[in-house]
Amino acid sequence: MNQNVYDIKRMEKALARISYAGAALGGAAALLTAWAVSARQARMVTELEPVLRFFVSGGFLVIPVFAALFAVLWFRRSFVGKINVTRAAADYLSFERSHLSRGRFLTACVAWAASFLTALLAGDRIVPVIALGLSCPAAFLTAFWGLGRLRLARVEPELVPDGDDSDAPDPLRERRRAFTRWAIYWAVVLALYSVSAVIFESLVLYLPVLLLAAGYFIVRILINPPFRPYASLKRKRLTVRLTSIASLAVLLLAGLSVILDGTNYNGRYIGTMDYSVFEHHSTASYDPETGVYTLRADHEGFKILQLTDTHIGGSVTTIGLDRRAFDACYDLIRRTQPDLIVITGDLVYPIPLQSFSTNNLVPLWQLAEFMNNVGLPWAMVYGNHDTELIAKYDVKTLNGIFRQMKNDPACPLLYADTQPDVYGRYNQLLRIENPDGSLERVCFLIDSNDYVTGSSEVNDYDSVHADQIDWYCQTLDALTGEEGRTVPSFVFMHIPFRAFADAADALERGNPEARYLFGENGEGVSCPDHDSGFFEAILEKKSTQAVFVGHDHLNNLGVNYKGVDLVYSKSIDFLAYPGIAHETAQRGGTLITLDGRGGYVIRQVGY
């Protein structure tokens, strides 16, 4: 039999299978949706839901693009309208055309259309969304079947003497080559995915890589199937190269779009939490001229809860991990019932290698929305990851979001529009008063900044700058003049200064200047290489009793060094460190309880 007609027969059979697959997927989607609606199966396992969501949104929303691309290439390439066949082959081809099964095409169309509409009408439930995902490939396969039929209908056999075949490629050899190439392709993809999953101990985190690889594989198989006939080997190679480049470009653009945009899906989850469990015992007033908030509780024992390194990812692959971070914050706040919450940096994590997102605005908005719903006064300082160089938005945009939130008078965020004229992304002073109105202490929220400007070294951390230290000293001098005494103070910042490393070393050596308080360090102290002089200023002013930091997620050591408590807080992070989602010893917060007379008690709270 002529090679072209042999390939056409295989194409006929493959198209029949495709139409069956389209009808089966569409029917399954319709049945699944009907079952979900009738049985009201709206809830599924929380850990599985993000994966299914991504499989639907990230895996199939690009299918219409591929379908359009395929349609264009299908009609521009492949046959040229006529093929050379023998008389016997022409008779066979005519016989095959008389058996076109339009019934399968109609059945598939009805099935996927019904499931598509039903899924849309079913509302925002996970099972209907899965059904919607099934209906999309069902529609695509049905369209593919239709295009194949239309293309075969345009083929015109041109008789040649028996035995005179065309120059079509050898199908057996081509299939062997294709199998070898795709075997190597999948071996590399699965190896990379497996290694990443083992290192980061998460099957979900690098799921986009696997899905994009599968998408590229499916597109290539559909565009260049083994059963597809070509007029010549040259045309086959040209078509394969063009379609490979086009499909890869579309996949990369789709992946880039996911990385840049992130997802606010957890906004709905945040809205379902019960915020009535939080007790409100403190009030805050704001002086717009000085940019200073004054807080006062209606009881003795003002409580401050420090949370740090929440590392919200805000992407399709971190939905589950972000929920666990919100759950941890929720539990810590509920158990401690603080009067003030301070988040000391790295609120978000726009690192695409792990979070698959460079959007730092979406996760920041989620965290702020959660904290605002809690309703307790809260403040924050930036960390080094919040405004990474590769992040989509700069600090001006992030501050604009906070400023926009403060337009609501009921917003509990303590954001100061008036900033001290010093270096840094955000610096702030808070006053804490006793119930009788006397000043108990002040809290400095100081930006430890991120990285040294112009440095070519990796993680070359910056520190507090000289003008920030001057602002700290001048503010304390002014308070001393107003109150007639040295006002006690706390400092909250993200990156520890050099004295934290010195304190850990002194404690290990048994130096009497270092006194153990609690906790331990699970990693080295990541501090700037240079000494900013901030700790020396703290010792000189004799006001600051404790400095609270984050940054190093496995460290929760507290040391009284030269009379000042240097405290690492337990962290929240479920994302940044490989495997940290499965660790628990380092997770939690720090609770500081004031006695109203300048004294305080620090207690670490685990989660």
Apply ring-ring contact (aromatic ring centres under 6.0 Å, His included) to [X] and list each qualifying residue two or more places apart in sequence or on a separate chain.
X	value
Tyr286	Tyr293
Tyr516	none
Phe548	Phe490, Phe492
Trp471	Phe444

Side-chain contact test, heavy atoms from C-beta onward, threshold under 4.5 Å: evaluate it for [X] versus [Y] and give yes or no.
X	Y	value
His311	Leu321	no
Leu554	Asn521	no
Val549	Ile495	no
Leu591	Ile602	no
Ile401	Leu361	yes
Pro528	Arg498	no
Leu307	Val342	no
Ile304	Pro338	no

Are [X] and [Y] close enough that a side-chain donor and a side-chain acceptor fall under 3.5 Å?
X	Y	value
Glu520	Asn555	no
Asp595	Tyr600	no
Asp394	Thr397	yes
Ser355	Ser357	no
His553	Asp309	yes
Tyr451	Asn384	yes
Asp322	Tyr349	no
Ser571	Thr308	no

Any donor-acceptor N/O pair, [X] side chain to [Y] backbone, under 3.5 Å:
X	Y	result
Asn434	Asp436	no
Asn372	Cys411	no
Gln419	Asn427	yes
Asp339	Lys303	yes
Arg296	Ile432	no
Lys406	Leu413	yes

Excluding sequence neighbours, so at least two apart, what forms side chain to side chain contact (heavy atoms under 4.5 Å, CB included) with [X]?
X	result
Pro377	Ser282, Leu295, Leu340, Leu414
Ile390	Ile351, Pro352, Glu388
Asp274	Ser276, Val277, Tyr330
Thr294	Ser285, Arg431, Glu433

I need the [X] [atom1] to [Y] [atom2] distance, nearest 0.5 Å.
X	Y	atom1	atom2	result
Leu305	Thr593	CG	OG1	10.0 Å
Ser569	Ile343	OG	CD1	11.0 Å
Arg485	Thr480	CZ	OG1	9.0 Å
Arg441	Arg597	CZ	CZ	12.0 Å
Ile538	Leu476	CD1	CG	9.5 Å
Asp421	Asp467	CG	CG	8.0 Å

Report all side-chain donor-acceptor pairs from residues 501-510 shorter than 3.5 Å, counting only partners two or more places apart or in another chain.
none

Cationic N near anionic O, under 4.0 Å, Asp573 to Arg587: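 Between Arg587 and Asp573 there is no salt bridge, as every charged N stays at least 4.0 Å from the carboxylate O atoms.
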Verdict with supporting geometry, Lys570 and Gln586, side-chain contact (heavy atoms from CB on, under 4.5 Å): CA-CA 5 Å; Lys570 286 178 175 285; Gln586 83 294 338; 5.7 Å; no
Centroid-centroid distance, [X] to [Y], less than 6.0 Å:
X	Y	result
His551	Tyr461	yes
Phe534	Tyr472	yes
Tyr426	Phe402	no

Step-by-step side-chain contact (heavy atoms from CB on, under 4.5 Å) determination, Phe326 to Ile312: CA-CA 9 Å; Phe326 289 126; Ile312 306 300; 4.0 Å; yes
Who pairs with [X] by salt bridge (Lys or Arg N to Asp or Glu O under 4.0 Å), at least two apart in sequence or on another chain?
X	answer
Asp447	Arg425
Asp331	Arg334, Arg335
Asp460	none

Closest heavy-atom pair and its distance - Tyr568, Pro496: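 Between these two residues, the closest heavy atoms are OH-CG, 3.3 Å.
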Test side-chain hydrogen bond (donor to acceptor under 3.5 Å, both in side chains) applied to Gln366 and Thr310, Asn266, Asn264, the passing residue: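 Between Gln366 and the candidates, side-chain hydrogen bond (donor to acceptor under 3.5 Å, both in side chains) is satisfied uniquely by Asn264.
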Among Val395, Leu389, Thr387, side chain to side chain contact (heavy atoms under 4.5 Å, CB included) partner for Asp450: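 In the set Val395, Leu389, Thr387, the residue that makes a side chain to side chain contact (heavy atoms under 4.5 Å, CB included) with Asp450 is Thr387.
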Test log, rule side-chain contact (heavy atoms from CB on, under 4.5 Å), inputs Asn449 and His494: CA-CA 8 Å; Asn449 303 298; His494 179 65; over 6 Å; no
Steps toward side-chain contact (heavy atoms from CB on, under 4.5 Å) verdict (Met405, Trp365): CA-CA 10 Å; Met405 291 180 177; Trp365 180 273; 3.6 Å; yes
Cation over ring face, Arg323 and Phe574, 6.0 Å, 45°: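 No, Arg323 does not lie over the aromatic ring of Phe574.
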